[in-house]
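Nothing here was measured: the structure is a model prediction, and the numbers come from that model. One-based numbering, in listed order, for ligands and for the atoms of each.
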Amino acid sequence: MQVFLQLGLCIVLLAAQYVPGTAVPGSSQCRRQCGNVEIPYPFGIDPGCSLGEGFDLTCEVQGGVQKPMLRSDFEVLNISLTEGTARVLNYILGFCYNNSTGSMEYFGRYGGYNGGDSSSPYRLSDVQNRFTVIGCNALGSISDPDGTGYQGYGVATCRNQSDLMDGSCSGIGCSQTTIPKRMYYYETTFFHSVNTSQIFKFNRCSYGVLMEAAAFKFSTTYIDTNKFNDTYDGRVPMILDWAVRDVKSCDAAKLNKTGTYACLSSNSKCVDSTNDQGYMCNCTNGYEGNPYLPDGCKDVNECSHNPCPSDGLCRNNVGGYRCSCRVGKKYVKENNTCSPDTGLIIGITMGLFGLMVIVMITIFWGQMILQKRKLNRVKQEYFRQHGGLLLFDRMKSEKGLAFNVFSEAELIHATDNFDSSRILGKGGHGTVYKGITKTNMPVAIKRCGVVDERQKKEFGQEMLILSQINHKNVVKLLGCCLEVEVPILVYECVPNGTLFELIHGKNQALQISFSTLLRIAHEAAEGLSFLHSYASPPIIHGDVKTSNILLDDNYMAKVSDFGASILAPSDKEQFVTMVQGTCGYLDPEYMQTCQLTDKSDVYSFGVILLEILTGQLPLKLEGPEKQRSLSLIFLSAMKENNLDAVLVSYVKGQESMELLRGLADLAKICLDMCGDNRPSMKEVADELNRLRKLTTHPWVRLDVETDAESLLGGESTGGYQIELSGYPMGESEDQPINPRSSYYAR
Ligand SMILES: *[C@@H]1O[C@H](CO)[C@@H](O)[C@H](O)[C@H]1NC(C)=O
Ligand SMILES: *[C@@H]1O[C@H](CO)[C@@H](O)[C@H](O)[C@H]1NC(C)=O
Ligand SMILES: *[C@@H]1O[C@H](CO)[C@@H](O)[C@H](O)[C@H]1NC(C)=O
Ligand SMILES: *[C@@H]1O[C@H](CO)[C@@H](O)[C@H](O)[C@H]1NC(C)=O
Ligand SMILES: *[C@@H]1O[C@H](CO)[C@@H](O)[C@H](O)[C@H]1NC(C)=O
Ligand SMILES: *[C@@H]1O[C@H](CO)[C@@H](O)[C@H](O)[C@H]1NC(C)=O
Ligand SMILES: *[C@@H]1O[C@H](CO)[C@@H](O)[C@H](O)[C@H]1NC(C)=O
Ligand SMILES: *[C@@H]1O[C@H](CO)[C@@H](O)[C@H](O)[C@H]1NC(C)=O
Ligand SMILES: *[C@@H]1O[C@H](CO)[C@@H](O)[C@H](O)[C@H]1NC(C)=O
C-alpha cells in the first residue's frame with residue numbers, strides 16, 4: 001500500500017518536471033517529429049517543449065498514422081519557421097437540399113475557425129487564404145463579430161450550366177473573397193434567397209470554406225456532380241500566420257525585461273509580424289536553421305546549390321560565399337556572369353612592363369657594380385705593383401708616421417677632378433695641382449709622368465724613405481696615391497713662390513736684399529745636403545734649379561720636387577726619350593755618362609749661385625751663341641779675371657768684394673767639368689754659411705727711421721718692403737739680420 005503511494009508520488013514529481021517553458025528547448029526529451037511532419041521549436045508536442053501554451057500541438061494517431069493536431073481539431077500539415085506560417089486542414093461547410101424534406105440543410109463539422117483569443121499565436125492569413133463559395137445559388141457570409149467585426153460575402157450563381165469554366169472562379173459557380181488582417185476567428189452562414197428547384201436537379205449543394213488560394217482550382221464537377229467535398233475529402237488547406245504575440249513588436253520585446261525574448265540564436269534577427277501584433281525570428285543572411293534555439297542559426301553552404309556562374313568557382317565562407325572566375329575573367333555581381341577582365345589584362349601588361357623596368361635596372365646596376373669591381377681590381381693591382389702593401393706594412397709597424405696613402409677619389413675631390421684652374425706648375429716630371437684635403441689642409445699634388453717597371457716595384461719602398469725626410473728646408477712629402485697607373489705625390493703646400501720669381505720676376509730683385517738671397521741659397525744648400533746625407537745611396541734631387549726652391553710664408557727656402565728623381569728612368573736606352581733635369585742647369589758629365597750623382601746636384605746649385613750673382617737666366621735663347629749659357633759666360637769672365645762684367649749691377653761695390661769673390665769662387669768649383677772636383681753639398685753649405693758672415697750691409701739701413709715711424713703710429717710708406725719679422729729665430733744658428741728690421745732697397 002505504502003509502496004503504491006510512493007510510486008504515485010514519484011509520478012507526480014516526474015510530471016512536475018514538465019512545467020511548460022522550463023524544459024530546455026532543444027532537449028532530446030522533446031519529440032520533434034509527428035508522423036511526416038516536423039515540429040520545430042517554438043512548437044512542441046510534449047509538455048514544456050514549446051515556447052508557450054499557444055504553440056502546443058498534440059500528436060494523434062488517425063487511421064494508424066500519427067498526425068499533429070492544433071486545438072485537437074485542425075491537422076497541421078506544415079510549419080514554416082522562415083515564413084512564420086502553419087498549414088492546417090480546415091473543414092468544408094456544405095449547405096444542401098434534402099430531397100426528402102424539401103429543405104436546405106448544413107453539412108460539415110464546423111462552420112468556421114476559432115483561434116481562441118488575441119493572445120493566441122495564430123491569425124488567419126489574409127495573404128494566402130480566400131473565402132471560397134461554390135454553388136449556383138449560393139450566398140455565403142464570413143464574419144468575425146467578436147474580433148474585428150468584419151463581415152464579408154461570397155456569391156456564386158449559375159443560371160446556365162454552359163457558363164461554367166474549369167479554373168475560373170469569378171462569380172459563376174465559384175467566388176473567392178479576401179479577408180482582412182488580424183482575424184483569429186470566423187464563422188460562415190448561407191442564405192437561401194431563391195428556390196429554383198430545377199437548379200437542384202444538377203446542383204444540390206453550396207459550399208463555403210476559408211482555404212489556401214493556391215491549393216484551389218475550380219472544376220465544373222464541383223457544381224454538376226457536387227464533387228467538391230469529395231475531392232478534398234471534407235478538408236482543405238488553410239494558412240495560419242503565427243508569431244510571438246505577448247508583446248506588440250520587436251522593439252517592445254527587446255525592451256521588455258520581464259518577458260523572454262524568443263530570438264535566442266546568435267546570427268538571428270527579429271521581424272515584426274505583418275499580421276497583427278507580435279514578432280517573429282529569422283536567421284540573418286547567410287545563415288539558416290532555427291533562430292528560436294541557441295546556436296540554431298547555422299552557416300549556409302551556399303555553394304551546395306552553386307549560386308555562381310556555371311564557368312565560375314564558388315567558395316563558401318561563414319555568413320556568405322564568394323564567386324570567382326577563371327584567370328582572365330572577372331566576376332560581375334550585377335548579372336552574375338564571368339566577363340573578360342580588361343583590368344587584369346591591363347594589370348598584367350603593366351606588371352610585365354614593371355618587371356622589364358626592374359630587370360633593366362638590375363642589369364644596369366649589375367654592370368655598374370661589375371665595372372666598379374673591375375676598377376677596384378685595377379686600383380688594387382696598381383697599389384700592389386707600386387709596393388703599396390709593403391708601404392702599408394711599414395706604416396703599421398712605424399706608428400706615428402705622418403704619411404698618408406690617399407685614395408684616388410680623395411685626390412680627385414681635393415683638386416676638383418684635376419681642374420686646370422688648380423695647376424700650380426708644370427715640370428719635366430709632371431703637373432702640380434693645388435688641392436685642399438678633407439681636413440682642410442692646403443696641399444700641392446703632383447701627378448707624375450711615365451714610370452718604368454723597375455721603379456714601379458720600388459716605389460712604395462722609396463716613398464717610405466722620402467716620407468721620413470723631415471728637414472725644415474725640404475718640402476715635406478705628406479703622402480701618395482698608389483692605386484693609379486702613375487703614382488701621385490702629395491706635398492705640403494709652400495705658398496710664397498720660388499727663388500726663380502724672386503730673382504727673375506718683375507722688379508723682384510729690387511725688393512729683396514742680397515743677404516736674403518744669400519740666406520735662401522744657404523738654406524737650399526742645407527736642404528740638399530740633408531738629402532744627400534740622409535740615405536745611402538744618397539737621395540739625388542736631379543733637378544736643382546731656382547724654380548724648385550720654394551719659399552714659405554717667412555721666405556724660408558724649401559727644396560721641392562726631390563721625389564721626382566726617383567720616378568725618372570736611369571736606363572741608358574730610355575735616356576733618349578727621357579732627359580733628366582733642366583737645360584742650363586744640367587751637369588755636363590751627366591750628359592756624357594747618363595749617371596746622375598750627388599755632384600750633378602752640386603753643378604746645378606752652382607748655376608743657382610750664378611743666377612744670384614748675375615741676376616741672369618741660366619740660358620738665354622737670343623744673342624750670340626757664345627753668350628747663351630750663363631755658366632760659359634761666367635767661366636770665361638772668371639778666366640779673364642773680369643768678374644765685374646757679369647755681376648748684377650746693384651751688388652757691385654755694395655757688397656764686400658771678398659764676399660762676391662768668395663761666392664764666385666764657390667760657383668766656379670761647383671761648375672767644374674769633372675764631378676769629382678766639385679765640393680760636396682755639405683761643403684757648399686758650410687762655405688755659404690761662412691760667406692754670409694761677411695755681409696757688410698752696405699745698403700741704407702732704415703730701421704731707426706722705421707722704428708720712429710711706428711712709434712709715431714704712422715704706417716710704413718715703402719712700396720717695396722719685405723717684412724722679415726716672422727723669421728723663426730730659434731731654428732737658425734746664425735742670425736745675420738735683425739729680424740725686426742726693415743730694409744729698403746734703393
Ligand atoms: C509543406 O507543404 C509543401 C506544399 O505546400 C510541401 O511541398 C512540403 O513537402 C511540406 N513540408 C512538410 C514538412 O510537410
Ligand atoms: C526570413 O529570411 C528568409 C531568408 O533570408 C526570407 O526568405 C524570409 O522571408 C524571412 N522571413 C521573414 C518573416 O522575414
Ligand atoms: C464531406 O465529406 C466528409 C467525409 O467524406 C463528410 O464527413 C462530410 O460530412 C462531408 N461534408 C459535406 C458538406 O458534404
Ligand atoms: C433528409 O431528411 C430526412 C428527414 O430528416 C433524413 O432522414 C435524411 O437522411 C435526409 N437526407 C439526406 C441525404 O441527408
Ligand atoms: C427528389 O425527389 C423527387 C420527387 O420528390 C424525385 O423525382 C428526385 O429524383 C429526387 N432526387 C434525388 C436526388 O433524390
Ligand atoms: C443556356 O445556354 C444555352 C446555350 O449556351 C441556351 O441554348 C439555353 O437556352 C440557355 N438556357 C437558359 C435557361 O438560359
Ligand atoms: C421549393 O420549390 C419546390 C417545388 O418547386 C417546393 O416543393 C418546395 O416546397 C419549395 N421550398 C421552399 C422552402 O420554398
Ligand atoms: C512583457 O512580457 C510579459 C510576459 O511575456 C507580458 O506579460 C507583458 O505584457 C510584456 N510587457 C510589455 C510592455 O510588452
Ligand atoms: C554582364 O555585365 C557586364 C558588365 O556590366 C557585361 O560586360 C556583360 O556583357 C554582361 N553579361 C551578360 C550576360 O549580360
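Heavy-atom proximity to G94, at under 4.0 Å, picks out these atoms of ligand 3: 13 (C). For ligand 2 and T82, the ligand atoms under 4.0 Å from any heavy atom of the residue are 1 (C), 8 (C), 10 (C), 11 (N), 12 (C), 13 (C). Ligand 2 places these atoms under 4.0 Å from at least one heavy atom of N282: 1 (C), 2 (O), 3 (C), 8 (C), 10 (C), 11 (N), 12 (C), 14 (O). Listed by number with element, the atoms of ligand 3 under 4.0 angstrom from any heavy atom of D233 are 5 (O).
N98 ND2, 4.7 Å is the protein heavy atom nearest to atom 9 (O) of ligand 4. In terms of protein heavy-atom proximity, atom 1 (C) of ligand 3 is closest to N229 ND2, 1.4 Å. Residue, atom and distance of the protein heavy atom nearest to atom 4 (C) of ligand 4 are T101 CG2, 3.5 Å. Looking only at protein heavy atoms, the nearest one to atom 13 (C) of ligand 3 is F107 CB, 3.1 Å. Residue, atom and distance of the protein heavy atom nearest to atom 5 (O) of ligand 2 are N285 OD1, 3.9 Å.
With C59, the cysteine C34 has an SG gap short of 2.5 Å.
Contact annotation for atom 7 (O) of ligand 3: protein absent (non-hydrogen atoms, distance under 4.0 Å). Atom 11 (N) of ligand 4 is flagged as protein-proximal [any protein heavy atom, distance under 4.0 Å].
Although no hydrogens or angles enter the test, the distance criterion places a donor-acceptor pair under 3.5 Å between the side chain of N203 and the main chain of C205. Panel note: side chain R130, backbone S175; no donor-acceptor pair is recorded below 3.5 Å. Between the Y222 side chain and the T231 main chain, no donor and acceptor come within less than 3.5 Å of each other.
Distance check: I358 CD1 to F353 CZ gives 11.0 Å after rounding to the nearest 0.5 Å.
In this structure, W242 and F43 have perpendicular ring planes: the angle between them is above 60°, well past the 30° mark. Using cut-offs of 30° and 60° for the angle between ring planes, the F216 and F218 rings count as tilted.
Results of the side-chain contact (heavy atoms from CB on, under 4.5 Å) test with C158 over D224, D163, I223 single out I223 as the only residue that passes.
Geometrically, ligand 4 and S100 share a nitrogen or oxygen pair separated by less than 3.5 Å.
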